Chemist: 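Attaching a single structure in structure tokens format; questions to follow.
These numbers come from a predicted model, not from an experiment. The figures here come from the full heavy-atom set of this structure, side chains too, leaving out hydrogens, waters and symmetry mates.
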Amino acid sequence: MMLQIMEIKDFNAPELDVYARLTENQLLNRHEPEKGIFIAESPKVIERALDGGCIPLSFLVEHRHLETQARELLERCPEVPVYTAEFDVLTQLTGFKLTRGMLCAMRRPGLPKPEEICRRAKRLVILENVVNPTNVGAIFRSAAALYMDGILLTAGCSNPLYRRAARVSMGTVFQVPWTFLDDSFAWPDSGIRKLHTMGFKTAAMALSDDSVSIDDPALVKEEKLAVILGTEGDGLSSSTIADCDYTVRIPMSHNVDSLNVAAASAVAFWQLGRRPV
């Protein structure tokens, strides 16, 4: 089947709205989530999204990549429209330089229930109001690499399918199971209680007088452990910390008191992602 390649001649073509004129919130389409769209940027992210079953709607590709790194991905989806132009035209259209010359608009997949992710997990991540998409993407990448089984996000978190978050994650947002906490998992009180009823011990990453070191042997021995990370700057809420089984700190030197949440996640997942022997 021949590829449907179309040269961009009219910046105002409605088919290009998803790339040039719609905000992330408009793409999300909160009122009709089944019609939501996200933008995958770079061949690696697009490949992992396709492998994860996401449905492509159109591609935006720099001319010089049509016969190189984009070709294999385009041939996987020969019925999907491909819009193309030179680098300068695409930069003018989108307002930014495309990462490795390729974007793909995709249908936003439905999300599982939190209980479904919990049932299949031994090591779980909870993100409480982590608002920076770059941090969310970096946390997903660390979770995928360092043996975490799933991620649950409070409503105040940045959406993992925002373009920047998905790009920073290197597409691991399509590999690590995740969802937002819903009313049945209202955070923190009933959410933490529900984690306990499903067999999880909870570990709040925070500094407090009763914090245990991240290398405390008791943590690794836990059969099911939920690692909870808080918002940039303020960290976890006091009620979340009070309800958790452990408050965990990362020992530091040079009088440094904390790490960026994404950096802290990598340290935490490396240590706590291990299973009981």
Chemist: Without swapping roles, check the side chain of Lys224 against the backbone of Met198 for a donor-acceptor pair under 3.5 Å.
Modeler: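 It does hold such a pair.
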
Chemist: For Ile55, give me all partners under side chain to side chain contact (heavy atoms under 4.5 Å, CB included), at least two apart in sequence or on another chain.
Modeler: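 Listed in chain order: Arg107.
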
Chemist: Output, in order, the C-alpha distance, side-chain angles, deciding distance and verdict of side chain to side chain contact (heavy atoms under 4.5 Å, CB included) for Glu47 and Leu73.
Modeler: CA-CA 7 Å; Glu47 178 184 24; Leu73 292 173; 3.8 Å; yes

Chemist: Taking only residues two or more places apart in sequence, or in another chain, which ones meet Ser238 in a side chain to side chain contact (heavy atoms under 4.5 Å, CB included)?
Modeler: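 Side chain to side chain contact (heavy atoms under 4.5 Å, CB included) list for Ser238, sorted by chain: empty.
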
Chemist: So, for Ile214 and Ala268, which heavy atoms are closest and what is the spacing to 0.1 Å?
Modeler: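 The answer is CD1-CA, 3.4 Å.
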
Chemist: Can you find a pair of side-chain heavy atoms, one from Thr240 and one from Ile228, that are under 4.5 Å apart?
Modeler: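 Contact flag for Thr240/Ile228 side chains = yes.
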
Chemist: Could you go through the side chain to side chain contact (heavy atoms under 4.5 Å, CB included) check for Val227 and Ile126 one step at a time?
Modeler: CA-CA 6 Å; Val227 180; Ile126 314 292; over 6 Å; no

Chemist: Which atom pairs, donor and acceptor, lie under 3.5 Å between side-chain atoms of residues 133-157 and protein residues at least two apart or in another chain?
Modeler:
| from | atom 1 | to | atom 2 | distance (Å) |
| --- | --- | --- | --- | --- |
| Asn135 | OD1 | Asn260 | ND2 | 3.4 |
| Asn135 | ND2 | Glu232 | OE2 | 3.0 |
| Ser142 | OG | Ala138 | O | 3.4 |
| Asp149 | OD1 | Arg275 | NH2 | 2.6 |
| Asp149 | OD2 | Lys122 | N | 2.8 |
| Asp149 | OD2 | Arg123 | N | 2.9 |
| Asp149 | OD2 | Arg275 | NH2 | 2.6 |
| Thr154 | OG1 | Asn129 | N | 2.8 |
| Thr154 | OG1 | Asn129 | OD1 | 2.9 |

Chemist: Provide the closest heavy-atom pair for Thr247 versus Ala206 in the form atom of the first, atom of the second, distance.
Modeler: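 Minimum heavy-atom separation between Thr247 and Ala206: CG2-O, 3.5 Å.
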
Chemist: Looking at Pro112, is its backbone amide N or carbonyl O close enough to the side chain of Thr179 to form a donor-acceptor pair, meaning the two atoms are under 3.5 Å apart?
Modeler: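 It does hold such a pair.
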
Chemist: Quick one: list whatever passes side chain to side chain contact (heavy atoms under 4.5 Å, CB included) with His196, sequence neighbours left out.
Modeler: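 Per chain and number, His196 pairs via side chain to side chain contact (heavy atoms under 4.5 Å, CB included) with Ile192, Thr202, Asp245.
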
Chemist: Find the distance between SG (Cys77) and CG (Leu50) and round it off to the nearest 0.5 Å.
Modeler: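 CG of Leu50 is found 4.5 Å from SG of Cys77.
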
Chemist: What residues, two or more places apart in sequence or in another chain, satisfy side-chain hydrogen bond (donor to acceptor under 3.5 Å, both in side chains) together with Lys201?
Modeler: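 Residues passing side-chain hydrogen bond (donor to acceptor under 3.5 Å, both in side chains) with Lys201: none at all.
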
Chemist: Name all residues meeting the side-chain hydrogen bond (donor to acceptor under 3.5 Å, both in side chains) criterion together with Ser211; count only those two or more places apart in sequence or in a different chain, and write none if there are none.
Modeler: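 Ser211 satisfies side-chain hydrogen bond (donor to acceptor under 3.5 Å, both in side chains) with Ser208 once adjacent residues are dropped.
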
Chemist: Got a donor-acceptor contact below 3.5 angstrom from the Gln26 side chain to the Thr23 backbone?
Modeler: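 Here the side-chain-to-backbone pair exists.
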
Chemist: How long is the straight-line distance from CG of Leu236 back to CG of Leu229, given to the nearest 0.5 Å?
Modeler: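 Those atoms lie 7.0 Å apart.
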
Chemist: Which residues satisfy the side-chain hydrogen bond (donor to acceptor under 3.5 Å, both in side chains) test with Glu75, sequence neighbours excluded?
Modeler: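 Testing Glu75 for side-chain hydrogen bond (donor to acceptor under 3.5 Å, both in side chains), a comparison that skips the adjacent residues, returns Arg71.
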
Chemist: Under a single-linkage rule joining Ile, Leu, Val, Met, Phe, Trp and Tyr whose side-chain heavy atoms are separated by less than 4.5 Å, which residues share a cluster with Val131?
Modeler: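 Val131 clusters with nothing; isolated.
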
Chemist: Give me the atom names and distance for the closest heavy-atom approach of Val61 to Met102.
Modeler: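 So the two residues come closest at CG2-CG, 4.1 Å.
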
Chemist: Give the minimum heavy-atom separation between Phe200 and Ala121, together with the two atoms involved.
Modeler: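 For Phe200 versus Ala121, the nearest heavy atoms are CZ-O, 3.5 Å.
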
Chemist: Between Glu62 and Glu86, is there a donor-acceptor pair closer than 3.5 Å when you use the side chain of the first and the backbone of the second?
Modeler: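 Checked: no pair found.
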
Chemist: Thr91 side chain to Phe87 main-chain N or O, any donor-acceptor pair under 3.5 Å?
Modeler: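 Yes; judged by distance alone, with no hydrogens or angles, the pair exists.
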
Chemist: Got a sec, which residues hit ring-ring contact (aromatic ring centres under 6.0 Å, His included) with Tyr246, two or more places apart in sequence or on another chain?
Modeler: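 Here no residue qualifies.
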
Chemist: Where the side chain of Thr172 meets the backbone of Gln175, is there a donor-acceptor pair that is under 3.5 Å apart?
Modeler: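 Not at all, since once roles are kept as given, no pair shorter than 3.5 Å links the two residues.
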
Chemist: Look at the side chain of Glu128 and the backbone N and O of Ser237, then say whether any donor-acceptor pair between them is shorter than 3.5 Å.
Modeler: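 Checking the backbone N and O of Ser237 against the side chain of Glu128, a donor-acceptor pair under 3.5 Å is found.
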
Chemist: Side chain to side chain contact (heavy atoms under 4.5 Å, CB included) for Asn159 and Glu24? Distances and angles first, verdict last.
Modeler: CA-CA 9 Å; Asn159 195 291; Glu24 292 279 15; over 6 Å; no

Chemist: Give me the atom names and distance for the closest heavy-atom approach of Ala165 to Pro160.
Modeler: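 Between these two residues, the closest heavy atoms are CB-O, 3.6 Å.
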
Chemist: Can you find a pair of side-chain heavy atoms, one from Glu41 and one from Ile46, that are under 4.5 Å apart?
Modeler: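 Side-chain contact under 4.5 Å: no.
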
Chemist: Quick one: do Leu74 and Val80 end up in the same hydrophobic cluster if we chain Ile, Leu, Val, Met, Phe, Trp and Tyr together by side-chain heavy atoms under 4.5 Å apart?
Modeler: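 The answer is yes; both residues are in one hydrophobic cluster.
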
Chemist: Establish whether Met106 and Val82 are linked, either directly or via other cluster members, by ILVMFWY side-chain heavy-atom contacts under 4.5 Å.
Modeler: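 Yes, it is one cluster - the side chains of Met106 and Val82 are joined through contacts under 4.5 Å.
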
Chemist: Who are the side chain to side chain contact (heavy atoms under 4.5 Å, CB included) partners of Ser213, not counting sequence neighbours?
Modeler: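 By the side chain to side chain contact (heavy atoms under 4.5 Å, CB included) rule, Ser213 matches Asp215, Arg249, Pro251.
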
Chemist: Looking at every non-hydrogen atom in both residues, tell me the closest pair between Gly230 and Val130 and how far apart they are.
Modeler: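 Closest approach of Gly230 to Val130, heavy atoms only: O-CG2, 3.7 Å.
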
Chemist: Could you tell me which residues satisfy ring-ring contact (aromatic ring centres under 6.0 Å, His included) with Phe59, sequence neighbours excluded, listed by chain and number?
Modeler: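 In terms of ring-ring contact (aromatic ring centres under 6.0 Å, His included), with neighbours along the sequence ignored, Phe59 is linked to no residue.
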
Chemist: Would the number of heavy atoms belonging to other residues, nucleotides or ligands and lying under 6.0 Å from CZ of Arg108 be above 12?
Modeler: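 Count over threshold, so yes.
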
Chemist: I would like to know whether Glu115 and Ser184 meet side chain to side chain donor-acceptor pair (under 3.5 Å); could you show each step before the answer?
Modeler: CA-CA 9 Å; Glu115 293 85 351; Ser184 70; 3.3 Å; yes

Chemist: Hydrophobic cluster membership, with links at side-chain heavy-atom distances under 4.5 Å among I/L/V/M/F/W/Y: are Tyr83 and Ile37 in one?
Modeler: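 Hydrophobic grouping puts Tyr83 with Ile37.
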
Chemist: Could you check whether Thr84 and Glu7, counting side-chain N and O atoms only, form a donor-acceptor pair closer than 3.5 Å?
Modeler: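 No pair is found: no donor N or O on one side chain lies under 3.5 Å from an acceptor on the other.
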
Chemist: According to a 4.5 Å side-chain heavy-atom criterion applied to Ile, Leu, Val, Met, Phe, Trp and Tyr, with indirect links allowed, do Ile117 and Phe180 form part of one hydrophobic cluster?
Modeler: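 In one cluster: no.
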
Chemist: According to side-chain hydrogen bond (donor to acceptor under 3.5 Å, both in side chains), who are the partners of Asp189, at least two apart in sequence or on a separate chain?
Modeler: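 Partners of Asp189 by the side-chain hydrogen bond (donor to acceptor under 3.5 Å, both in side chains) criterion come out as none, since no residue qualifies.
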
Chemist: Assess whether side chain to side chain contact (heavy atoms under 4.5 Å, CB included) is satisfied between Val220 and Gln271, documenting all intermediate values.
Modeler: CA-CA 8 Å; Val220 176; Gln271 178 65 29; 3.9 Å; yes

